[in-house]
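Residue numbers start at 1 and run along the sequence shown. Keep in mind that what you see is a predicted model, and the values were worked out from it rather than measured.
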Amino acid sequence: MTRWTDSFALPLLFGPLSLYAPPSLSLFLPAQVAVSVFLHFSRLRQAHVLSSTAAMAAASSAAGVELPSLQIWNSLTKSKTPFVPIDPAGKKVSWYACGPTVYDDSHLGHARNYVSTDIIRRIMRDYFKFDVNFVMNITDVDDKIILRARQQYLFNEYVAVNLTITPEVLDTVKKAYAAYLKKNLSLLDPELPAAQYQKEVEKAYATVLSGGALPGNEKAGDDEAKVKMHIKTVASAAAVLSKAEGSTAGDPALFAESFYTNAQDVLLPYLDSLKGSSIDADDHSIFTKLTKKYEDRFMKDMRDLNVLDPDELTRVTEYGAEIADFVERIVKNKYGYVTEDGSVYFDISAFEAAGHPYARLEPWSRSDNKLAAEGEGSLITKTTEKRSASDFALWKSSKPGEPSWSSAWGKGRPGWHIECSAMASARLGKQMDIHSGSEAYWDDGHQHEQWVNYFLHMGHLSIQGSKMSKSLKNFTTIREALDRKDWTPRSLRIVFLLGGWKEGCEITDELVSSGNAWEDKVNNFFLKMKDAAALQGSATDTTFGADLDAAKAAVHKHLCDSFNTPGVMQTISELITKYNSADKAILNPKDVEAAARWVTSLVNMLGLNGATPADSTEIGWSGIDVPEEAKPFLYPLSSMRDTLRQAARSKQGISPQQIEEAVKETLPSEVIESAKPYAEVLSNFRSKVSSLKSSDSAGKDILALCDRVRDIDLFDLGIYLEDRDNLPALVRPVTRDMIQAREEKEARAKQKLLEKQKREQEALKQLEKGKLSHLEMFRTNEYSAWDDEGLPTRDAAGEELTKSRTKKLRKDWERQKKAHEAWLASQAK
Ligand SMILES: *[C@@H]1O[C@H](CO)[C@@H](O)[C@H](O)[C@H]1NC(C)=O
Ligand SMILES: *[C@@H]1O[C@H](CO)[C@@H](O)[C@H](O)[C@H]1NC(C)=O
Ligand SMILES: *[C@@H]1O[C@H](CO)[C@@H](O)[C@H](O)[C@H]1NC(C)=O
Ligand SMILES: CC(=O)N[C@H]1CO[C@H](CO)[C@@H](O)[C@@H]1O
């Protein structure tokens with residue numbers, strides 16, 4: 001535990017995460033940790049005194065310590081404070097971050113927290129050069145975990161024995177269904193037969209289902225979303241129940257599988273209510289089976305997101321005894337009280353009476369308490385033992401079926417979860433809630449001081465306005481998002497960088513497209529920088545060099561301003577714009593190279609380039625280069641194409657000799673498997689070009705081939721040849737915007753084709769009308785005599801036609817004559 005002794009703690013409290021994650025360290029640090037932190041305090045305080053005066057800079061340089069002028073926004077004091085580490089050398093920073101509660105996969109809301117934290121950690125380490133010790137805590141015991149693990153265990157046990165759906169099983173599931181209805185869909189009669197569920201639920205919850213609010217709510221929100229979720233959960237159970245009650249033809253084992261899958265969500269809580277308290281909770285494998293699995297999955301997700309591993313990982317279950325010990329001291333200081341069942345609560349009024357300010361819970365944390373009260377993931381059934389509603393559990397007595405540690409009050413377990421997360425987000429002037437616990441612990445009657453200096457509290461993530469919520473079951477997990485290619489680790493990180501770490505972040509279409517635009521812009525910039533031509537020359541104009549210096553200064557200012565990454569992102573983008581619009585002929589290549597290196601170092605530092613270290617000397621980032629194995633084919637192909645194209649476009653046109661010359665280069669004979677597609681494109685192109693040697697339209701045909709190889713053959717392999725004036729084509733990977741542009745182009749072409757076909761059909765229809773000859777058109781029994789042009793002269797009765805009738809018929813006749821002539825002409829073609 002010596003790691004704490006010469007540095008102070010920088011805990012991170014994550015807002016949205018704290019719904020599911022543990023609170024800060026302060027209340028629960030084991031004794032020796034807390035002592036060492038406390039020892040830091042006097043130094044920290046001194047630093048504060050210094051920092052609050054203008055003497056700070058002088059003082060630190062007097063001590064030989066140069067600190068960056070970094071200011072950090074403290075989420076609890078709501079102010080920016082100069083960052084002064086405890087370490088007198090100004091180097092070491094110990095950082096304590098709340099990790100996940102491991103009972104489920106992490107979703108994008110979590111990604112937001114951990115990625116944003118990772119960004120700040122990298123900036124601290126790679127930009128400000130602090131020696132950061134990053135400790136992460138994993139919560140592997142809490143109500144939700146116990147419930148989830150126990151339910152899963154009981155369910156597996158149940159299914160393993162009850163392999164087919166017997167009448168007893170059916171009976172059990174019916175009871176489970178009734179219990180779920182009773183608790184969660186109270187507008188329905190719990191006795192409602194499963195077969196009638198769908199009809200009745202649509203009636204009883206018609207308002208909610210059509211987007212309205214529940215009785216008592218002003219407008220639809222989370223409650224309604226939750227009800228909809230319950231309706232769905234029960235619907236799938238009701239459907240298999242009524243199916244099982246009817247004829248169960250088919251394979252019984254197959255049916256059992258689908259039955260359990262669909263009934264699972266109602267069966268799980270029911271089995272737990274029956275048998276949860278009788279499991280052997282000393283068998284920790286029941287719980288670790290779940291927590292180990294999700295811890296591993298969490299670590300994998302983090303690595304996939306290019307989040308650095310913590311330097312140290314701790315688990316709450318490894319500290320049960322220390323936590324008990326710590327809680328005991330709080331009780332000794334009279335800020336905690338023990339209830340009859342052996343739970344310990346933090347006494348808010350005693351705390352306030354001693355002169356400590358205390359933050360009221362924020363509304364969202366209150367609704368978190370409501371979750372607990374509704375029994376979702378909470379094992380506490382009665383809260384009446386609390387002296388006051390806002391007191392929170394420091395220690396929970398363990399009931400049968402719950403894992404436990406020994407304590408002065410009997411068997412119990414750490415019990416802060418919901419309350420502390422609420423406190424983490426609570427605002428409080430100078431002192432913070434979460435700190436209060438430690439204060440309670442350390443209060444020796446003399447002074448109340450702050451020993452955790454900087455609280456960073458990451459903003460919420462929402463998607464198109466709706467908060468990601470686990471309890472609504474519709475969150476996107478990190479792995480889903482990456483698997484589905486909705487996001488890449490880079491594109492997600494860019495979006496988080498574009499928003500401030502402490503601001504709420506809403507993923508909207510606009511944000512996604514500005515992220516893409518930023519990424520494409522940097523991609524294009526790096527591509528140009530990879531091209532040697534950009535970095536050669538002898539021009540000496542200094543403008544761009546000055547732009548670069550200004551950008552560096554701006555980035556420094558932004559980073560010092562509490563890690564203002566949106567500012568950094570904008571500065572990078574603006575510098576690239578300056579490069580793009582500059583007259584390349586006068587740019588000093590040294591400046592261009594320096595800019596390329598600088599932008600590279602920033603994207604590396606921000607974690608946008610995989611594991612590449614911040615100080616890597618290679619320009620660019622991954623993804624801008626074409627596959628190595630493709631190069632021996634792509635470069636010769638591209639230069640052959642350049643030559644042909646240039647000749648074909650010249651005034652005098654391309655000659656057979658030029659064609660022969662262009663295709664004669666010899667090529668690698670050995671082709672490894674992964675390079676075959678490129679080799680094939682090249683040899684096809686070459687032979688098609690060769691065959692045009694004696695063609696009259698060689699120039700035109702060659703240009704068409706050049707377009708085809710660029711737009712189709714290579715494009716489909718993910719390679720693009722970007723033609724440039726007076727320069728060889730740039731060989732580059734296809735980017736997202738190119739794919740999009742091609743898709744749009746294709747869609748437009750398709751639309752055009754459709755329209756053309758429609759027009760042609762219309763014309764054809766029109767033409768068909770002319771099939772009947774004008775000479776024949778009136779030869780019907782409507783008339784009895786005709787002239788030699790087939791025009792009627794008498795009607796059926798033999799009467800002569802009137803003048804006006806004849807005139808009208810002649811008009812029709814003329815029209816048909818025209819149409820028929822057109823038809824005849826079309827047939828002759
Ligand atoms: C199998 O199902 C029956 C009926 O629901 C139940 O009583 C029994 O406990 C189940 N077996 C196990 C091992 O859960
Ligand atoms: C009500 O629904 C929640 C899920 O949101 C579940 O955890 C709880 O067990 C359900 N209640 C019953 C009695 O099934
Ligand atoms: C989750 O589901 C609710 C209710 O269907 C919906 O209002 C909300 O927008 C969804 N959230 C996400 C992130 O999809
Ligand atoms: C919530 C919390 O802080 N939990 C644990 C984190 O890890 C430390 C050990 O480093 C434990 O003492 C805490 O209880």
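- The nearest pair of heavy atoms linking F633 to E670 is CZ-O, 4.5 Å.
- For the pair R732 and Y720, the cation-pi test (distance below 6.0 Å, angle within 45°) is failed.
- No side-chain donor-acceptor contact under 3.5 Å links R122 to the backbone of V307.
- When all heavy atoms are compared, the tightest approach of T571 to A551 is CG2-O, 3.6 Å.
- When all heavy atoms of A585 and A539 are compared, the pair lying nearest together is O-CB, 3.4 Å.
- Side chains of K521 and T577: a donor-acceptor N/O pair is present below 3.5 angstrom, by distance only.
- The pair K300-E295 does not meet the salt-bridge criterion, since no charged nitrogen lies less than 4.0 angstrom from a carboxylate oxygen.
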D105 vs R297, salt bridge (Lys or Arg N to Asp or Glu O under 4.0 Å): CA-CA, chis, key distance, verdict: CA-CA 7 Å; D105 280 330; R297 289 171 74 91; 2.8 Å; yes

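- E593 has a carboxylate O that lies under 4.0 Å from a charged side-chain N of R597, or vice versa, which qualifies the two as a salt bridge.
- Between V671 and A679 the shortest heavy-atom distance is CG1-CB, 3.9 Å.
- Closest non-hydrogen pair, L308 versus R121, comes out as O-NH1, 3.3 Å.
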From CA spacing to verdict: salt bridge (Lys or Arg N to Asp or Glu O under 4.0 Å), D723, R710: CA-CA 9 Å; D723 289 316; R710 176 193 62 201; 2.8 Å; yes

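- Dense packing is recorded around CD of E480, with more than 12 heavy atoms of other residues, nucleotides or ligands lying under 6.0 Å away.
- Under a 3.5 Å cut-off, the side chain of R490 and the backbone N or O of G610 do not form any donor-acceptor pair.
- Using cut-offs of 30° and 60° for the angle between ring planes, the F83 and F130 rings count as perpendicular.
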Derivation of the salt bridge (Lys or Arg N to Asp or Glu O under 4.0 Å) call for K584 and D541: CA-CA 10 Å; K584 309 290 181 292; D541 184 78; over 6 Å; no

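- For I624 against N523, the heavy-atom pair with the smallest separation is CG2-OD1, 3.1 Å.
- The salt bridge (Lys or Arg N to Asp or Glu O under 4.0 Å) test with R742 is passed by exactly one of D711, D716, D737: D716.
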CA sep, side-chain torsions, deciding dist, call: R479, S106, side-chain hydrogen bond (donor to acceptor under 3.5 Å, both in side chains): CA-CA 8 Å; R479 40 190 68 211; S106 305; over 6 Å; no

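- With rounding to the nearest 0.5 Å, the separation of NE2 in H556 from OG in S69 is 4.5 Å.
- A cation-pi arrangement is not found for R493 relative to W487, the charged atom failing to lie both closer than 6.0 Å to the ring centre and inside a 45° cone about the ring normal.
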Worked check of ring pair (Phe, Tyr, Trp, His ring centres under 6.0 Å) between H558 and F563: CA-CA 6 Å; H558 291 311; F563 319 108; over 10 Å; no

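- Going from atom CG of L482 over to atom CG of L492 covers 7.5 Å, rounded to the nearest 0.5 Å.
- Put simply, CD1 on I478 and NE2 on H107 are 8.5 Å apart, with the number rounded to the nearest 0.5 Å.
- With respect to R315 and D140, no salt bridge is recorded, no charged nitrogen being found less than 4.0 Å from a carboxylate O.
- A salt bridge links D296 to K292: at least one charged side-chain nitrogen sits closer than 4.0 Å to a carboxylate oxygen.
- In this model, a donor atom of one side chain and an acceptor atom of the other lie less than 3.5 Å apart for N580 and K528.
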Criterion salt bridge (Lys or Arg N to Asp or Glu O under 4.0 Å) on K631 and D625, from CA distance to verdict: CA-CA 10 Å; K631 289 179 181 173; D625 208 0; 3.0 Å; yes

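- In this structure, the side chain of T542 does not engage the main chain of G545 through any donor-acceptor pair within 3.5 Å.
- Ion pair K676/E673 flagged as a salt bridge, since at least one NZ, NE, NH1 or NH2 atom sits closer than 4.0 Å to an Asp/Glu carboxylate oxygen.
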